[in-house]
Number of protein chains: 4
Amino acid sequence: MQTEVAHRGRQPSPETEEAILEATREILAKEGVRGLTIEGVAARSGVAKTTIYRRWRSKHDLALAVLIVMVEQQVQSSHDLGDTRAELIAFVNRAIKILNTTLMGRVMQGLVSDFAADPELARAFREKVVTRRVEELTRILDRAIARGNIRRDADIEIANELLFGPVYYRLFLSGKPLNKDFAERAVDAFMAYARAGRGAPRK
Amino acid sequence: MQTEVAHRGRQPSPETEEAILEATREILAKEGVRGLTIEGVAARSGVAKTTIYRRWRSKHDLALAVLIVMVEQQVQSSHDLGDTRAELIAFVNRAIKILNTTLMGRVMQGLVSDFAADPELARAFREKVVTRRVEELTRILDRAIARGNIRRDADIEIANELLFGPVYYRLFLSGKPLNKDFAERAVDAFMAYARAGRGAPRK
Amino acid sequence: MQTEVAHRGRQPSPETEEAILEATREILAKEGVRGLTIEGVAARSGVAKTTIYRRWRSKHDLALAVLIVMVEQQVQSSHDLGDTRAELIAFVNRAIKILNTTLMGRVMQGLVSDFAADPELARAFREKVVTRRVEELTRILDRAIARGNIRRDADIEIANELLFGPVYYRLFLSGKPLNKDFAERAVDAFMAYARAGRGAPRK
Amino acid sequence: MQTEVAHRGRQPSPETEEAILEATREILAKEGVRGLTIEGVAARSGVAKTTIYRRWRSKHDLALAVLIVMVEQQVQSSHDLGDTRAELIAFVNRAIKILNTTLMGRVMQGLVSDFAADPELARAFREKVVTRRVEELTRILDRAIARGNIRRDADIEIANELLFGPVYYRLFLSGKPLNKDFAERAVDAFMAYARAGRGAPRK
DNA sequence: GACTAAGCGAGACGGTACGTCGCGTCTTAAA
DNA sequence: TTTAAGACGCGACGTACCGTCTCGCTTAGTC
């Protein structure tokens with residue numbers, strides 16, 4: 001008469017999940033977010049569509065999941081180099097390198113439009129990806145302030161925008177290559193600003 | 001059966017074109033690039049799908065056309081204020097205002113992913129939209145150099161990235177509002193950088 | 001992820017199939033094969049276009065399916081009347097009556113051009129429709145031979161062509177009505193031929 | 001005041017007409033009635049669509065025009081061979097040969113469905129194509145009656161159906177090849193019938 | 001020689017239907 | 001209860017042709 005509560009049935013399998021993510025990665029690499037379809041992932045992974053929907057709300061969600069895994073594997077703390085400029089350049093360059101050499105760049109290009117349409121997706125992206133970067137940046141700037149390299153009241157938010165705004169501008173809009181000396185200039189601009197102070201000499 | 005070249009056939013009707021663009025604008029305003037479909041534009045404009053395809057290759061192309069018309073109407077030269085910082089702030093704020101108050105912002109968000117997938121689209125966007133901004137910026141910086149406000153060798157490309165990178169970073173990624181004092185900070189950072197010179201004091 | 005074969009998934013629903021066939025019949029009756037469109041069948045039946053395509057390759061295939069159902073319902077064995085001529089006349093008249101009173105005539109007219117273009121369709125038609133007639137005819141001729149009414153070596157193929165060639169000639173080309181005494185003449189011609197024998201008196 | 005009637009303007013050019021027919025023939029040969037489109041004919045002939053529509057109501061009409069030209073070129077009277085059976089066999093074989101070796105067969109297969117849908121087309125076909133055959137057949141049967149080879153009251157209509165019904169049955173429905181001895185059998189059947197008389201021996 | 005019809009090419013246009021892709025939901029049977 | 005399989009309704013895609021419609025030129029007459 002089914003009075004029991006404890007029936008648990010078949011357990012979700014980790015292999016299934018991995019198969020899905022792997023297929024997603026392969027498709028993403030070959031065709032970008034554009035070519036990513038649930039149908040395609042199901043076919044390539046041998047997993048049923050239903051199973052995928054049980055775990056992710058949309059293909060964007062799925063792409064983001066892949067991206068997050070990627071970010072987590074790339075995590076790497078920047079150590080104290082005793083030189084703020086060098087630390088920042090290394091930091092920005094690390095981000096650039098990931099964008100250039102992994103799926104990250106293509107996935108970002110494909111996902112960015114979805115952030116505006118899907119707040120939940122945007123939230124997840126910021127929480128998992130941006131936050132880490134901001135934390136890292138905070139550590140670097142704290143050291144910089146301690147050393148007296150930059151103003152006490154330098155705003156982390158501005159720092160982030162000045163350093164990475166140009167990076168994504170190139171990735172999304174201008175299509176210019178993201179190379180090394182490019183990072184230097186962004187860092188120099190930020191340093192000039194942060195050293196001088198907000199109310200610094202004008203005109 | 002004839003050998004002439006000059007036969008021209010029926011000319012594309014401007015009314016038809018306008019009807020399509022207007023319908024596109026309406027849908028874009030209501031539902032964004034996401035909700036834009038050729039089918040929908042055809043239905044709303046009373047124009048046949050085929051006619052739309054005859055003029056634009058894709059809905060992204062169509063959205064871009066709308067955006068370009070918008071930009072062309074907004075064109076406005078910045079006059080000499082005698083103050084570079086003020087001119088730049090006004091310049092950036094003008095862009096921000098357009099993003100905030102017209103369809104431009106939403107359309108950009110929706111279109112940005114397509115630039116990576118469709119080089120032709122990206123090329124058109126840069127040519128029609130970015131180029132104008134760069135020209136304008138050039139004029140401002142020329143005046144600034146003439147006045148001695150910034151270094152002779154300041155790079156227009158960098159200027160563009162430093163000023164607008166943060167703007168689009170907010171629009172695309174962080175979702176933070178694009179308000180007034182935001183423009184000031186980006187301009188101050190650029191000015192600090194451009195005044196100091198590239199090989200300026202380090203550490 | 002699994003290796004089994006036996007998963008069966010959701011089964012095609014007979015209601016869906018019947019809805020499609022019924023809508024097809026209605027359209028066929030009203031507008032003929034000419035007016036039959038998958039789009040129309042989908043609309044009238046409330047079934048999705050894709051579902052129709054999942055079951056039939058083309059509208060011709062669909063029309064044939066309807067025709068086959070019709071034929072299967074009309075199947076009716078001719079019993080021994082003790083008189084070959086009477087049996088054949090009844091047989092031909094039965095076919096004529098179906099062509100005259102059901103959709104069969106119109107559908108055949110509309111389908112006939114497709115047989116030449118679509119061998120698969122032609123094959124299906126012959127298998128399902130012609131074969132039955134030939135079987136029936138075989139039984140009648142066997143009885144005729146047993147009675148000594150016709151030659152032992154009368155060819156079933158020729159019989160079929162002599163009896164039904166004129167019928168379809170009228171249906172397809174001359175447009176003359178298919179009435180009763182018409183069948184008699186075709187049967188008489190065949191009987192004269194089959195009784196006389198192939199090498200019979202000439203000139 | 002336009003009282004005149006006789007303004008004539010530019011005359012339709014025969015070259016244009018021929019170019020259209022030639023293109024039609026080529027397409028018909030390659031792709032059959034199925035692949036025949038006004039658009040295609042216009043493209044291949046270099047003639048404007050409008051010009052084609054000015055002369056023919058539909059692609060079927062156009063195909064029929066081609067077929068009629070073909071028939072007119074093939075016209076050939078059968079001479080008195082002194083032997084009715086031989087004359088009929090030659091007559092049927094001539095028709096078969098045309099169907100087998102020219103476009104006629106394919107065009108007939110493609111057009112036959114349109115006869116039912118387009119009475120005007122059917123009328124034109126009968127008038128231009130069938131009529132000639134019936135006239136020819138009449139001459140042969142007149143000679144046969146004169147010779148006493150067949151009954152006085154043999155019906156020309158029946159003759160036509162008995163002789164050509166089987167031919168078109170093969171062409172349209174059974175797909176069996178139209179070869180030589182096939183004609184003999186149809187003729188023999190007709191002869192047996194026509195010699196014996198309608199009210200001939202039964203049972 | 002100017003005027004006036006038509007013929008003609010080119011090609012835009014509104015349509016209808018095509019056949020396909022992918023979505024997200026559902027049903028079924030097996031694990 | 002999860003899973004693979006796959007049917008299903010749905011919305012949109014981009015394409016093929018349809019038949020009609022300007023448009024501007026060419027070709028013949030007629031006045």
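Chain naming here is simple, since letters A, B, ... match the order of the sequence lines and numbering starts at 1 in each. Both backbone and side-chain heavy atoms feed into the values below; hydrogens, waters and symmetry mates do not.
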With [X] via side-chain hydrogen bond (donor to acceptor under 3.5 Å, both in side chains) - residues at least two apart:
X: Thr24(C); answer: none
X: Lys49(C); answer: Glu39(C)
X: Arg10(C); answer: none
X: Glu17(B); answer: Arg55(B)

### Task
Using the ring-ring contact (aromatic ring centres under 6.0 Å, His included) rule, collect all pairs that involve residues 31-50 of chain B, keeping only residues at least two apart or in two chains.
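For residues 31-50 of chain B, and leaving out neighbouring residues, there are no ring-ring contact (aromatic ring centres under 6.0 Å, His included) pairs at all.
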### Message
Among residues at least two apart in sequence or on other chains, which ones pass salt bridge (Lys or Arg N to Asp or Glu O under 4.0 Å) with Arg44(D)?
### Response
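Counting only residues at least two positions away or on another chain, Arg44(D) forms a salt bridge (Lys or Arg N to Asp or Glu O under 4.0 Å) with Glu26(D).
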### Task
For Arg25(B), check salt bridge (Lys or Arg N to Asp or Glu O under 4.0 Å) against everything at least two apart and list the hits.
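For Arg25(B), the residues satisfying salt bridge (Lys or Arg N to Asp or Glu O under 4.0 Å) (neighbours in sequence not counted) are Glu18(B), Glu22(B).
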In [range], which residues come under 4.0 Å of DNA chain E by heavy atom?
range: residues 13-38 of chain C; value: Thr37(C), Ile38(C)
range: residues 112-122 of chain C; value: none
range: residues 47-67 of chain C; value: Lys49(C), Thr50(C), Tyr53(C)

### Any residue meeting ring pair (Phe, Tyr, Trp, His ring centres under 6.0 Å) with Phe115(A), in chain and number order, not counting sequence neighbours
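Once residues adjacent in sequence are excluded, the partners of Phe115(A) under the ring pair (Phe, Tyr, Trp, His ring centres under 6.0 Å) criterion are Phe125(A).
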Donor-acceptor pairs under 3.5 Å, side chain of residues 28-37 of chain B to any protein atom, not counting sequence neighbours: which ones?
from, atom 1, to, atom 2, distance (Å)
Arg34(B), NH2, His60(A), NE2, 3.2
Arg34(B), NH2, Asp114(A), OD1, 2.2
Thr37(B), OG1, Gly40(B), N, 2.8

